[in-house]
**Q** 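Can you keep this structure in mind? I'll have questions shortly.
Quick note: numbers below take in every heavy atom, side chains included, and nothing from hydrogens, waters or symmetry partners.
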Amino acid sequence: MAETRFLPRRSAKLVAGLVITVGIVLFAVVAPFFVQDPRFSGNDAFLPPSADHLLGTTKLGYDVLAQLAHGARGSLVVGLVAAAIAIVLSLIFGIFAGYAGGWTDEVLTMVTNIMLVIPGLPLVMVIAVYLQNRSLWLVAFILGITGWAGSAVVLRSQARSLRSRDYVEASQVAGERTVWILLVEILPNLLPLLAAQFLFAVVFAILGEAGLSFIGLGPNGSITWGTMITDAYGGNAMSAGAWWWFVPPGLLIAVFGAGLSLVNFSIDEVVNPKLRVVSEATDRRRAPEVAAPEAAPAAPVEPAEPAEPKAEVTA
Amino acid sequence: MGTLEVRNLVKEFRLGHGLRRSRLRAVDDVSFTLEAGKTVALVGESGSGKSTVARTLARLETPTSGEILLDGRSVSGSRSALRAYRHDVQMVFQDPFASLNPFHTVAHHLERPLQLHGVARGREAVAEQVRGLLERVSLTPTEAYAAKRPHEMSGGQRQRVAIARALAPGARFLVADEPVSMLDVSIRLGVLNLLARLQREENLGVLYITHDLATARHFSDEILVMYKGQVVERGPSDQVILDPQHDYTKTLLAAAPDPARHGRLRDEVRAELAGERA
């Protein structure tokens, strides 16, 4: 019997991913209250990490920890806002197209495909160049409206498959409205997939923002991890040997991306049970080898070939 | 009393697109009448068009031509007409593992049709109706079953929920599309008996779609045999089974295992094998 699971199993991957993600989010929320003003330049320049300045100072005398804490806020805001915009757009272009079918599907899919083949970063650069005054929100918006096509494709195919499920037709026979069927019958079954797409979009936007900032097209006047790396580059942190300036933001971007990816892998196991079964099937296959096969005539039930990997049912 | 009449129903599907286009006539000029309190069995092999008839009756497909008349009146395609039609005509799907939404509880599946068709208003009244429905399909204790999700139940229990859902709007006609073919043999009879009991108690008109001639004869008043989209033979159940006229019906009957021939097939196979060896 196939069982549908909605929550990931508590695996090492999930726990590690959640610890990293929650830790960094908490850092972004709480830390800015306990650090210096990130634009306070009264400190000495290029101080290495010490008790006063845990992560040292920059060329302009800014406290790196303070910058890092405020930058975390900026980067996360960009990530969340861009991902939210991308998810809404991919819902419209994906699920609606997949469910409606026909001409609606053709048109929406064409738009999706066009967005898909336009290389993302150059497009973002072109838009960003035209907009001289870029706030954090604007950058998030640009990243959002350019980063939805991939998940729209995934959602569309999923919605197409769900559309012809018996339970969807059963609600049509019961007389449900289309909107209700989409929101109440189909959408909940897409939640694991949506969550995965959302987390991916967050990582994508944070990386995108860092990339934009590095080529000087990031948000003006805001602090993000991306702008920190740009400043470090512009301030010759490398040649000055001030590793404490550029390593922390780079590391946080990498670690945060890894954390979200780990959570995503756990969600993927819910969406695609095959990923979860593989390890158990190999375990089962190995087990008889360990238990001396010749000396075990008492197992006539066990077929000669390895048991077919069944979808894990109970538990 | 009431009737659900299918008149000269034709359903064609377009296959492929672009230049390589063709048409498949899944249902070709099928007519029959479903009366309240009567069961009509639609028998045929896979691909004979039985399910398309069911889906057209449930208004999941629009007929290419032909009419569906409820109590002698044609049904228009407007929203309100469709809803009124579905108030009277409901469908039980073949696969109870697919026809219930894995995300929702049993109660949800029954509450929605109750609310949509105005059978009950207010939380308490709806809950009361849900309990009543579960009792009618013998899922007791009702409270426990109402809170379950589909994956916590067996195929037979799920199919009972699906039947309860079809009954919820107060349907007078039930289209049962191979309602037991996905179930274990041991529980098929229970579900079929339930359908038969409900049909008697509520005076339902049932279209029982199956490929199993034995249960078709047992549970229905009339049998229609479909082959390649057309009805090739029809008549009272016993007559069709005992005195088949069309070749296809004879083939179908010959293909069904016959208890009277118990063991004969085995002996034939053995004899053949022995002959080969010799």
**Q** Give, as side chain, backbone, both or neither, the part of B:Leu82 having an atom under 4.5 angstrom from any heavy atom of chain A.
**A** neither
**Q** With sequence neighbours excluded, tell me which residues meet side chain to side chain contact (heavy atoms under 4.5 Å, CB included) with B:Asp95.
**A** A:Asp166, B:Phe97, B:Ala98, B:Met182
**Q** What residue among A:Leu190, A:Val184, A:Asn189 forms side chain to side chain contact (heavy atoms under 4.5 Å, CB included) with B:Phe103?
**A** A:Asn189
**Q** For B:His87, is it the side chain, the backbone, both or neither that has a heavy atom under 4.5 Å from a heavy atom of chain A?
**A** neither
**Q** Is it the case that atom CZ in B:Phe32 sees more than 12 heavy atoms from other parts of the structure closer than 6.0 Å?
**A** yes
**Q** Hey, is CZ on A:Phe200 packed in by over 12 heavy atoms from elsewhere, all under 6.0 Å?
**A** no
**Q** Judged by atom type as modelled, is there a donor-acceptor pair below 3.5 Å linking the side chain of A:Glu169 to the main-chain atoms of B:Leu60?
**A** no
**Q** Counting only non-hydrogen atoms closer than 4.5 Å, does B:Arg83 touch chain A with its backbone (N, CA, C, O), its side chain (CB onward), both, or neither?
**A** side chain
**Q** Any idea which heavy atoms bring A:Arg177 and B:Arg79 closest together, and the distance?
**A** CG-NH2, 3.4 Å
**Q** Which pair of non-hydrogen atoms, one from A:Ala170 and one from B:Ser99, has the smallest distance, and what is that distance?
**A** CB-O, 4.0 Å
**Q** Could you tell me whether the side chain of A:Arg165 and the main chain of B:Asn101 form a donor-acceptor pair under 3.5 Å?
**A** no
**Q** Could you point out which residue of B:Gln90, B:Arg55, B:Arg165 forms a side chain to side chain contact (heavy atoms under 4.5 Å, CB included) with A:Val173?
**A** B:Gln90
**Q** Go through the atoms of B:His117 and report whether side chain, backbone, both or neither lie under 4.5 Å from a heavy atom of chain A.
**A** side chain
**Q** Starting at CD of A:Glu185, measure out to CZ of B:Arg112 and round the result to the nearest 0.5 Å.
**A** 8.0 Å
**Q** Do B:Pro102 and A:Tyr167 touch side chain to side chain, with heavy atoms closer than 4.5 Å?
**A** yes
**Q** B:Gln94, B:Arg59, B:His104: which one forms the most heavy-atom pairs within less than 4.5 Å of chain A?
**A** B:His104
